Structures are given as structure tokens and as C-alpha cells.
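Just below is one structure, and these are the notes that go with it.
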Amino acid sequence: MADTKERVGIIGVGRMGLAMAKHLVHHGYALTACDIDKDNVEKARALGATIAATPTELGRNATFVILGVGYDDEVNDVVLGADGVLTSLAPGSIIAVSSTVAPDTVQALDRTARQKGADVLDAPICRGRWFADAGKLLALFGGRADVVERGRPVYATFSSDIAHLGEVGHGQVGKAMNNLLLWVNSIGLIEAGRIAETTGIDLRKLRDALQMSSGKSQALEDWDQISFTWALKDMQIVSRMADKAGLSLPVTGAVKELVKEARRIKATNPPKWTG
């Protein structure tokens, strides 16, 4: 029944958030959206979302709030700030953090939210914008079992797969490790492509062969989608985790530096793995 559904709010309806909003509306959820970008707001309105001017206003209309903003400080601001959602959210509500942030950021948020009677669902998403359009994202959940179960039907509207990895923070650990492996692979594809190009081999034929061998990777499969836009931020999160744990990870450190130049290469003159 429609009246048993969560009243969902999304803060941050950019490229990914807007795709999520589309699926939520399609599945009959009452949706409120909030974004500082006027174009994003109008796109969400066109989908059928109610528009809130501030996170505080959104919190009055929602029982389940999804965060889709870009950075740790933005997550903290839209939840804990003077106009943050936690100022108005009713006890028993859930804040689902689908932003990619450091594990300790979402853990600190959970501690504060619980003091206000709300719960945090650690819920970063994987697979990218084309999968978001198709409703086939992967959601990595961290949180109590009862909070996770409330989140499943909401996230199932735009996720074909949901993995519960443990407590709050473990979703972000999973996303950080996924991203580390993605960027290691993507840097390797630039370097392998450069070497292969010097031999005159057809990279498209080589790609097809590699995808049948131990060189197979999702990064090679999705080469056209990879942009390195968020790569530095992702690697900064991984480096922060390594520093906190007191680990020396030289490959991780090198990849953190290499993704800076890789973004330019991919945008201007990448290896033509797909022709």
C-alpha cells in the first residue's frame, strides 16, 4: 500500500541522485528533493518530486533521507549544519549516506544522529551513471539489521544488488576498497595501452582477448565510462584510512599521485581500447 511506504527525501539530485529519484517516483514513493543547483531542482520537480528549499525543510517531510552530495564536509553540513536535516527530522527516521565518504565520517554522523533519535544507514553505491539510469546499481550497506531491512525496499528501486557488509562504516570501507581496485586497474590500463600502442597492435582486438584471460577487468569493460573525475577524492579517502591504521602502502600512494595526470590523459589522449 502506498501509505506504508517511507516518505523519501534526497539531498543532492545531481547525475546519480536524479536517476535514483526517477526510479523512486516510478515505484510510487512520495519524494522530496533538495539541491543548491537550480537546474537540478527543476529536473527533480519535472520528475514529480516536491522541492524543499533547505535540508531542514526536507526533514519535515521525510522519514528516510538519502544523501547524494559529493564530499565529507558537505555531508556534515547538510545533516549537522544550522539548516541541516537533523534539526527537523522526526525520531525513528533514517539518514542513508550514499555519498562516498571516509568510514569515520559516517560513524561520527551515526553517533550524533542516534542522540537525536535517528539512525544512519551507511549506503554508498557502485557501478556508475549508466547503471543508475537502468536501476542496476550495487548498494553496499553498513548498519543494524533493522535499519538495513527498512532500507532494502527503498534501495531496491534503483539497485539490482544490495550487500550488507557489517556495521556503520563498513559500507564505506567496501566502497573505498572497490575504488582503490578500480583506479589501480585504470592506471594499469593507461600504461598497458601505451606500451601496446608502440607495437602497432589493434587495441580493440587486444581488449577482446584480454577480457577472455587473466587481464580481464571491469575497468577494461567500462573503459568509455571511466573519467577519473572522482579518483583523487577516492584515493584521498583510502590514504586517510591507511594513515589512521599506520600502514605503509606504496602502491596506494603512487596511484593517488598518478590519478591526477590520468584524468587529463583520459580526457585528451587516452589509449583507444574501444576504438
Side-chain angles (χ1 to χ4, degrees), residues 3-14 16-18 20-21 24-25 29-45 47-125 139 141-144 146-155 157-158 167-169 171-172 175 233 237:
D3 60 0
T4 67
K5 292 178 180 287
E6 301 281 359
R7 289 179 286 115
V8 179
I10 299 183
I11 302 176
V13 281
M16 298 294 286
L18 196 67
M20 294 156 68
L24 285 162
V25 171
Y29 281 88
L31 180 68
T32 303
C34 180
D35 199 297
I36 60 173
D37 186 293
K38 292 182 180 179
D39 288 341
N40 291 344
V41 165
E42 291 309 314
K43 290 174 182 177
R45 194 194 307 274
L47 289 174
T50 300
I51 303 303
T54 65
T56 294
E57 182 182 333
L58 181 142
R60 297 190 186 103
N61 298 323
T63 59
F64 193 102
V65 178
I66 298 172
L67 305 186
V69 297
Y71 295 91
D72 294 56
D73 57 349
E74 294 173 341
V75 166
N76 286 327
D77 185 55
V78 300
V79 176
L80 306 175
D83 289 322
V85 70
L86 207 52
T87 63
S88 61
L89 202 60
S93 298
I94 289 174
I95 301 170
V97 184
S98 282
S99 307
T100 300
V101 297
D104 54 8
T105 296
V106 74
Q107 288 167 340
L109 200 68
D110 179 51
R111 290 191 293 270
T112 302
R114 283 189 282 112
Q115 293 173 2
K116 300 285 188 177
D119 286 297
V120 164
L121 175 62
D122 182 15
I125 50 179
F141 278 1
R144 291 199 324 266
D146 59 321
V147 177
V148 166
E149 290 311 305
R150 278 183 62 185
R152 284 186 185 276
V154 176
Y155 275 74
T157 65
F158 49 80
E167 62 191 34
V168 171
Q172 298 295 341
K175 182 63 184 291
K233 174 206 160 184
I237 289 173

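Keep in mind it's a predicted model, so treat the numbers as computed, not measured. Side chains are part of it too, since the values below use all heavy atoms of this structure and drop only hydrogens, waters and symmetry mates.
Annotation: side chain of V147 is not in contact with side chain of V120 (no heavy-atom distance under 4.5 Å).
Residue pairs meeting the ring-ring contact (aromatic ring centres under 6.0 Å, His included) criterion with at least one partner in residues 95-125, sequence neighbours excluded, do not occur; the list is empty. Within the structure, the salt bridge (charged side-chain N to carboxylate O under 4.0 Å, His left out) test picks out no pair touching residues 84-101 (sequence neighbours left out). The list of salt bridge (charged side-chain N to carboxylate O under 4.0 Å, His left out) pairs with a residue in residues 90-117, not counting sequence neighbours, reads D104-R240, D104-K244, D110-R114.
Using modelled atom types, one side-chain atom of D122 and one backbone atom of Q172 make a donor-acceptor pair closer than 3.5 Å. In this structure, S93 contributes its side chain and A118 its backbone to no donor-acceptor pair below 3.5 Å. Side chain of T157 to main chain of P153: no donor-acceptor pair is present (N/O by atom type, distance under 3.5 Å, no hydrogens or angles).
Qualifying salt bridge (charged side-chain N to carboxylate O under 4.0 Å, His left out) partners for D39, counting only residues two or more places apart in sequence or in other chains: none. In terms of the side chain to side chain donor-acceptor pair (under 3.5 Å) criterion, residue partners of S98 (sequence neighbours excluded) are, by chain and number, Y155. D35 pairs by the salt bridge (charged side-chain N to carboxylate O under 4.0 Å, His left out) definition with nothing, not counting sequence neighbours. By the side chain to side chain contact (heavy atoms under 4.5 Å, CB included) test, D77 pairs with no residue at all, sequence neighbours left out. Residues passing the side chain to side chain donor-acceptor pair (under 3.5 Å) test with T105, sequence neighbours excluded: D72. For E42, the side chain to side chain donor-acceptor pair (under 3.5 Å) partners two or more places apart in sequence, or in a different chain, are R45. Remark: A49 engages L31, A33, A44 in a side chain to side chain contact (heavy atoms under 4.5 Å, CB included) (not counting sequence neighbours).
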Stepwise side-chain contact (heavy atoms from CB on, under 4.5 Å) test for R150 and L121 = CA-CA 9 Å; R150 278 183 62 185; L121 175 62; over 6 Å; no

Checking side-chain contact (heavy atoms from CB on, under 4.5 Å) for the pair I10/L24: CA distance, chi angles, key distance, verdict?
-> CA-CA 10 Å; I10 299 183; L24 285 162; 3.7 Å; yes

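Taking CE of M16 as the start and CG of L18 as the end, the distance is 11.0 Å to the nearest 0.5 Å. Atom CD1 in I95 sits 9.5 Å away from atom OG1 in T112 (nearest 0.5 Å). Remark: T32 OG1 to I11 CD1 distance equals 10.5 Å, nearest 0.5 Å.
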Identify every side-chain donor-acceptor pair in residues 59-66 under 3.5 Å, counting partners at least two apart or on other chains, and give the distances.
unit_1: T63; atom_1: OG1; unit_2: E6; atom_2: OE1; d: 2.6
unit_1: T63; atom_1: OG1; unit_2: R7; atom_2: N; d: 3.0
unit_1: T63; atom_1: OG1; unit_2: R7; atom_2: O; d: 3.4

Between side-chain atoms of residues 82-89 and protein atoms elsewhere (two or more places apart, or another chain), which donor-acceptor pairs fall under 3.5 Å?
unit_1: T87; atom_1: OG1; unit_2: T56; atom_2: OG1; d: 2.8
unit_1: T87; atom_1: OG1; unit_2: G84; atom_2: O; d: 2.7
unit_1: S88; atom_1: OG; unit_2: T56; atom_2: O; d: 2.5

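In terms of heavy atoms, P124 sits closest to G171 at CG-O, 3.2 Å. When all heavy atoms are compared, the tightest approach of F158 to M20 is CZ-CE, 3.6 Å. Of all heavy-atom pairs between E57 and I51, the closest is OE2-O, 3.7 Å. The nearest pair of heavy atoms linking V106 to V168 is O-CG1, 3.7 Å. Residue R152 comes nearest to F141 through the heavy atom pair N-CE2, 4.1 Å, listed as atom of the first residue, atom of the second, then distance.
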